[in-house]
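Accompanying notes for the structure given below.
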Amino acid sequence: MTLTVNAFSANKAGMTGLDKEKIQKIISSNTSSNFQEYSSKQIHRIEARIKRNNELLSRLSQEEIAKAESEMNLEAAHIEAERELTRVKVHIDMDAFFASVEMRDDPTLRSIPMGVGTDLMLGTSNYIARKFGVRAAMPGFMARKLCPELTIIKGDYLKYRKESSIIRKVFDEYDPNLESGGLDEVYMDITDYVAARKDPVSRKRIRYRGDCVCRLPLLSENDAINIVNEIRFRVEQISGLTCSAGIASNWMLAKICSDINKPNGQFRLADDKETIIEFMRTLPIRKVSGIGAVTEAILKGIGVEKCGDLFEKRGIIKLLFTELSWHWFLRVALGVSQRGASEETDNCLRHRKSISTERTFKPTIQLETLLDTIHFLCADLIESLAEGNILGGHVATLSIKFANFDRISRSQSANYRIDTVDNFYPMMERLLRKEMKRGLKIRLLGVRLSKLEFLEKETDATKRKSQKSLHEFLVPKKRLSASTTNEDSDDLFSDQFTIPPSEADSTEIPSTSSRSTIQCPICNQNFVYDENGKINSHIDECLNLEIINKMEETPSEAAIRPIKQAKSSSKSSTERYKAFNELLYC
DNA sequence: GGAAACCCT
DNA sequence: GGGAAGGGTTTCC
Ligand SMILES: Nc1ccn([C@H]2C[C@H](O)[C@@H](COP(=O)(O)OP(=O)(O)OP(=O)(O)O)O2)c(=O)n1
Ligand SMILES: [Mg+2]
Ligand SMILES: [Mg+2]
Ligand SMILES: [Mg+2]
C-alpha cells in the first residue's frame with residue numbers, strides 16, 4: 001500500500017497546471033532528516049488508522065453494511081427534507097491577503113514573486129510566486145529553492161488586522177450579522193438585503209490613495225450576482241485590494257465557490273438540488289472546509305476521494321466513524337444546508353475562548369533560558385489581555401515542542417483568576433520543570449489562558465463569532481436581529497456606510513437636493529453644489545486621509561506582531577531576555 | 001478536567 | 001541550516 005498524505009492541498013487558487021513532481025522533488029531534497037522523521041511518524045500513524053479501518057471492514061458482513069446503508073438512506077431523507085434553497089449565502093475571501101497589502105503599499109513588489117513571512121515560514125505568497133509552487137505554510141528557505149528570485153517580506157500583523165476592519169465595514173452594510181472566518185474572510189447572508197433593495201443604487205467612486213486602479217461610477221442591478229460584484233468593487237475602492245466571492249444556498253457551498261474564480265472573481269452555484277448534487281459528486285473531498293490532510297488520507301483509504309463517494313460508501317462510513325462524523329459526511333455529500341423549524345436558541349455572538357502566544361527558537365535544553373522564555377511569554381500575554389477586555393483566565397496551559405517536532409501541552413486549572421505575571425509564571429515554571437526531566441531539547445514554548453473572564457462592556461468589538469463546527473457549518477445558528485447590534489461610536493465611516501439599502505451613499509450628491517452648498521461628511525468643509533468635480537475629489541482625498549490616519553492611529557508597538565522579540569522597559573528584563581533573544585531565529 | 005489530534009487562517 | 005503563530009472543535013481517558 002502506498003500512502004500519500006498531502007500536506008498541501010492540491011490545486012490551490014493560482015496554482016493549476018504546475019509541475020507537481022518537480023516541486024515535490026525540490027521539497028523532499030531540502031527536507032532535513034529531523035523533519036523527515038517527524039513526517040514519517042505522522043504517516044505511520046495514519047497508515048495504522050487505515051489498516052485498522054480495513055480490518056474492521058473485512059469483518060463486516062454484507063448484511064451489516066446493507067443495514068447501515070439503509071439507515072443512512074433514512075437519514076439522507078431527513079436531510080433532504082430540510083434542504084434550504086432560498087437563502088443567498090455569500091463567502092468573501094481576500095486575494096493573497098497579506099501579500100496584496102504589501103504589494104499595494106510598495107509598488108515595486110507588484111510585478112515580482114514575493115511571499116510574506118520569514119525564512120522559516122511563509123504566511124502566504126502573491127500569485128506570481130504561486131506559479132513557482134511557492135505558497136502559504138511553506139518555509140521561506142524552501143520557497144527560495146523553488147523560486148530563487150523570491151522576495152520575502154516580514155509581515156505586519158497589526159496592519160492586516162486594521163485592513164480587515166476597514167473592509168468589514170463594507171460587508172457590514174450588507175449583512176450586519178455576518179460571521180467572520182479569520183482576518184480575510186466573511187460569511188454573509190444577504191437574502192434580506194437583496195429583497196429589500198428595490199431600486200438601482202448609484203455610487204460615486206471612492207479612490208484609494210496612491211496609484212491603484214480606479215474605475216468609473218457603478219450603477220448596480222439588484223440581483224445577488226450584481227450586488228456581490230458591487231460589494232467586491234467597493235472593497236477594492238476603499239482598500240485597494242481585490243477579493244473573491246462564492247454565492248450559494250449555504251455557507252459550505254459558498255466557501256467552496258469563492259475559490260473557483262479566484263483571484264478577483266466570483267462564482268454562483270445555482271440553487272437547485274440537481275445542480276448541487278452534481279457539483280458535489282465530482283468535488284474532491286479536500287475542498288470542503290473541515291476536511292484536511294489526515295481525513296483526506298483516511299477517506300482515501302476506504303476509496304473515498306470525491307464528495308459523491310461519501311454517499312456511495314455511506315454504509316461503511318456509518319460503521320467506521322463517529323455519529324457526528326458520518327452525519328456530517330452525509331450532509332457534505334448531499335451539499336445540504338438545513339434550516340429547520342427548530343433553531344438553536346443559542347446566540348451568535350460569543351466571546352473568544354482562549355488567548356495564547358508562542359515562540360520558536362534554536363533548540364535548547366538550558367533551563368535558565370527556557371524559564372526566561374516563558375517569563376517573557378507570560379508577561380507578553382498578560383500585557384495583551386487589556387486590548388481584548390480580558391480580565392484573566394482560569395486555566396493556564398504550557399505548550400512545548402521538542403527538537404523532533406513532537407508537541408505536548410500541560411494545563412492547570414485555578415479557582416482564582418490568573419491575571420498577573422506573578423500568578424501565571426509560577427504555574428508555567430512548575431509545569432516546565434516537570435517536563436524538563438525528559439532531557440530533551442526544546443524548540444518552541446507557548447503559554448495560553450482559557451476559561452476567560454471578560455470586562456463586560458457592551459461593545460461588539462470585544463466579541464467574536466465562534467468557529468463553525470462540523471455541524472454548524474451546515475446548520476446556521478439563529479441570528480441576532482439587527483436592532484440589537486450597537487453602532488461603534490468611534491466608527492470612522494458610520495455616517496457614510498450605515499445608510500439603508502434603498503438609499504444612495506452619502507458620498508453621492510443627492511440629486512433631489514436643492515441646496516446650493518454641500519458639506520463634506522468627513523471634515524465638514526462646505527462646497528458650492530455645482531462644483532461637482534471639486535467636492536468629489538475632495539471627498540476622495542478626505543476618505544483616504546481618514547484611512548491613513550486610522551492606520552497610523554495605533555503605533556506599531558501596540559499589539560500583535562508576526563514575530564516579536566523580547567523588549568523590555570527595564571534593564572533587568574533586557575538582561576533577563578538576552579539569551580532567549582539570541583536563540584530567536586527572527 | 002486534561003491531553004492529543006484534528007481543523008482553519 | 002533552517003519547517004510559524006494564532007485560534008478553533010472533537011475524541012478519548
Ligand atoms: N497557513 C496560513 C494560511 C494563511 N495565513 C494568513 C496569510 C494569508 O494572506 C491570510 C489569508 O489566508 P487565505 O487562506 O485566505 O490565503 P490568501 O488570502 O493569502 O490567498 P487566497 O487568494 O488563496 O485566498 O491568512 C497564514 O498566516 N498561514
Ligand atoms: Mg484569502
Ligand atoms: Mg481566507
Ligand atoms: Mg479542506
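Note that the structure is a prediction, hence the values are computed from the model and not measured. What's counted below: heavy atoms across the whole structure, side chains too, no hydrogens, waters or symmetry copies. Letters go in sequence order (proteins before strands), and every chain restarts at 1.
Distances shorter than 4.0 Å separate none of the side-chain N or O atoms of A:Arg407 from OP1 or OP2 on C:dA4. Contact check, A:Ser411 against B:dA3: a side-chain N or O comes under 4.0 Å of OP1 or OP2. Between A:Lys255 and the phosphate of B:dC7, there is no side-chain N or O to OP1/OP2 separation shorter than 4.0 Å.
The separation between A:Leu452 atom CG and C:dG6 atom C1' is 14 Å, rounded to whole Å. In this structure, the CD atom of A:Glu179 is 13 Å from the C1' atom of C:dG8, given to the nearest Å. Between the P atom of B:dG2 and the CE atom of A:Met427 lies a distance of 9 Å, rounded to the nearest Å.
Within 4.0 Å of A:Asp184, counting heavy atoms only, lie sugar-phosphate atoms of the nucleic acid but no base atom. A:Thr397 comes within 4.0 angstrom of nothing in the nucleic acid, heavy atoms only. No contact: A:Val116 has no heavy atom under 4.0 Å from any strand. Residue A:Met142 is in base contact, counting any heavy-atom pair closer than 4.0 Å across all strands shown.
Side-chain proximity of A:Ser32 to the nucleotides C:dG2, C:dA5, C:dT11 is greatest for C:dG2.
Of the residues near DNA chain B, A:Ser413 and A:Ile291, the one whose nearest nucleotide (by heavy atom distance) lies more toward the 5' end is A:Ser413. When the nearest nucleotides of DNA chain B are assigned to A:Lys451 and A:Arg49 by heavy-atom distance, the more 5′-ward of the two goes with A:Lys451.
The cationic group of A:Arg144 does not satisfy the cation-pi geometry with A:Phe141, failing either the under 6.0 Å distance to the six-membered ring centre or the 45° limit from the ring axis.
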